[in-house]
2 protein chains.
Amino acid sequence: MKRTTRRSDCPINFALQTFGDGWSLLVIRDLMFTDRRTYTDFLRADEGIATNVLADRLKQLRALGLIRRRGRGRGATYALTEKGLDLLPAMLELVSWSARHDRHTAAPPDFVARIRRDREAVATELRTHLRRRHGLDSRSSRPGTVG
Amino acid sequence: MKRTTRRSDCPINFALQTFGDGWSLLVIRDLMFTDRRTYTDFLRADEGIATNVLADRLKQLRALGLIRRRGRGRGATYALTEKGLDLLPAMLELVSWSARHDRHTAAPPDFVARIRRDREAVATELRTHLRRRHGLDSRSSRPGTVG
DNA sequence: CTGTATCCTTAGGGATACTG
DNA sequence: CAGTATCCCTAAGGATACAG
């Protein structure tokens, strides 16, 4: 896929050109559904992303405004921006779809069931939670400990 | 991305390995939101997919059970399967996200507004409509005319 | 019109060594 | 630990000609 030139103004195409590769959404996933926040955290994920690829995606996603970095060098952490967090509903739908169509999926059945039963509530609740954890909430004075 | 070997059992990863390339979702989009149903229809889409790539994706998507083909050779048409149609909620969320974050988006503002305001109803309504159009509804005896 | 086939170029990305 | 840099190779995919 050519990522340099915009292929069309279709919203689906925009999404694809923004994160339509094999790796970007995995970083988003890590930030959204796990406690992984650092470079090596991401490297440790099951899919086994290569160091150069990870560095490249982190750079891209930052440039696109989906994530942001706190600090530099040792101890640097990544967090979702509002724009990145806005992908939550889409991510939940993807999880739901995969859980339905992949019999080997590792998605927690009760979580999937909740998404299906009470999608709106789950999204709202998770969103609030993530806003706090990623320092997007005015009420949280500091990024806080990851627990 | 290595599409041959499964990288992990994560549902997001499953989605990526199923249609996480730059072109597959555009075919799904065409079937879902436009009247494009034939090989040349897809070729005419704005993004300008190459013939070999299109043929490859059609093959893949059929093998994965997301779409199916009616007829052969001249006049062959493609349609969504249940599995493909199940992507509708995710697609709507992607449209919504892109419309919010891409100022050049071609998504109809009133459509986007409706998705945001009444997501559930839009999905249900569109789903019913698409089931008929793609011959997935028992009530429709024949695929029917497109128009 | 619906594809295949071929050619050829480039981007993606694995492995690994290296730097601040 | 958080990246860069390099090497090298393969797969993705444009262009185009061809086939059923």
Side-chain angles (χ1 to χ4, degrees), chain A residues 1-8 13 16-28 30-31 34-64 67-79 143 146, chain B residues 1-8 13 16-28 30-31 34-64 67-79 143 146:
Chain A
M1 173 166 41
K2 194 146 294 174
R3 323 181 106 272
T4 41
T5 61
R6 159 172 292 231
R7 300 185 299 193
S8 81
N13 181 64
L16 290 174
Q17 297 208 263
T18 306
F19 50 78
D21 68 284
W23 297 107
S24 295
L25 278 193
L26 296 180
V27 173
I28 302 290
D30 283 351
L31 292 173
T34 81
D35 280 338
R36 290 191 272 270
R37 297 288 181 274
T38 71
Y39 189 82
T40 37
D41 282 345
F42 300 136
L43 283 181
R44 271 193 285 269
D46 283 344
E47 291 81 11
I49 191 171
T51 60
N52 55 344
V53 177
L54 175 58
D56 178 73
R57 291 313 186 276
L58 289 172
K59 205 174 299 181
Q60 269 186 220
L61 290 172
R62 282 213 295 154
L64 291 165
I67 67 177
R68 85 212 129 81
R69 185 174 63 183
R70 296 252 158 134
R72 269 174 163 279
R74 167 179 288 262
T77 62
Y78 291 86
V146 174
Chain B
M1 175 166 42
K2 194 145 294 172
R3 322 181 106 273
T4 41
T5 59
R6 159 172 292 232
R7 299 185 299 192
S8 81
N13 181 64
L16 289 175
Q17 296 208 263
T18 306
F19 49 78
D21 67 283
W23 297 107
S24 295
L25 277 193
L26 295 180
V27 173
I28 302 290
D30 282 351
L31 292 173
T34 80
D35 280 338
R36 290 192 273 268
R37 297 288 181 273
T38 71
Y39 189 82
T40 37
D41 282 346
F42 299 137
L43 283 181
R44 271 193 284 270
D46 283 344
E47 291 82 12
I49 191 172
T51 60
N52 54 345
V53 178
L54 175 57
D56 178 73
R57 292 311 187 279
L58 290 172
K59 205 174 299 181
Q60 270 187 221
L61 290 173
R62 283 213 294 152
L64 292 166
I67 67 177
R68 82 210 131 82
R69 185 173 64 183
R70 295 251 159 135
R72 269 174 161 278
R74 167 178 289 262
T77 63
Y78 291 86
V146 174

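Every chain is numbered from 1 and lettered A, B, ... according to where its sequence line falls, protein lines coming before strand lines. Note that these values count all heavy atoms, side chains included, but never hydrogens, waters or copies made by symmetry.
Side-chain atoms of B/Thr51 and base atoms of C/dT2 include no donor and acceptor less than 3.5 Å apart. Side-chain atoms of A/Asn52 come within donor-acceptor range of the base of C/dG14, with a qualifying N/O pair under 3.5 Å.
Salt-bridge annotation for B/Lys59 and B/Asp56: absent, with no side-chain N of the basic residue lying under 4.0 Å from a carboxylate O of the acidic one. Look at A/Asp30 and A/Arg36 and you find a salt bridge, because one of the NZ, NE, NH1 or NH2 atoms lies within 4.0 Å of a carboxylate O, short of that distance.
Distances shown here put a side-chain N or O of A/Lys59 below 4.0 Å from the OP1 or OP2 atom of D/dT4. An OP1 or OP2 oxygen of C/dG3 is reached within less than 4.0 angstrom by no side-chain nitrogen or oxygen of B/Arg72. Put simply, B/Tyr39 has no side-chain N or O that comes within less than 4.0 Å of OP1 or OP2 on D/dG20. The side chain of A/Arg57 places an N or O atom within less than 4.0 Å of a non-bridging phosphate oxygen (OP1 or OP2) of C/dG13. The side chain of A/Arg69 places no N or O atom within less than 4.0 Å of a non-bridging phosphate oxygen (OP1 or OP2) of D/dA2.
The distance between atom CG of B/Leu26 and atom P of D/dG13, rounded to the nearest whole Å, is 11 Å. If you measure from atom CG of B/Asp41 to atom C1' of C/dG3, you get 15 Å, rounded to the nearest angstrom. For the pair B/Asp56 CG and D/dA15 C1', the interatomic distance rounds to 17 Å; values are reported in whole Å. The distance between atom CD1 of B/Ile49 and atom P of C/dT2, rounded to the nearest whole Å, is 14 Å. In this structure, A/Leu43 places its CG atom 10 Å from P of D/dC1, rounding to the nearest Å. For A/Arg37 and D/dG3, the CZ to C1' distance is 20 Å, given to the nearest whole Å. Residue B/Leu54 contributes atom CG, which lies 16 Å from atom P of D/dA12 at whole-angstrom precision. With rounding to whole Å, A/Asp21 atom CG is found 12 Å from D/dG13 atom P.
The A/Ala55 side chain lies nearest to D/dT4 when the options are C/dG13, D/dT4, D/dC1. With D/dG3, D/dC1, C/dG14 as the candidates, the nucleotide lying closest to the side chain of A/Arg44 is D/dC1.
Between the side chain of A/Arg72 and the backbone N or O of A/Arg69, no donor-acceptor pair lies under 3.5 Å. In this structure, the side chain of A/Tyr39 engages the main chain of A/Thr51 through a donor-acceptor pair within 3.5 Å.
The residue B/Tyr78 sits close only to the backbone: its heavy atoms come under 4.0 Å of sugar-phosphate atoms, none of a base.
Across the interface with DNA chain C, nearest-nucleotide mapping of A/Ala50 and B/Thr38 shows B/Thr38 to be the residue nearer the 5′ end.
A 4.5 Å side-chain heavy-atom check between B/Phe42 and B/Arg57 finds every atom pair outside the cut-off.
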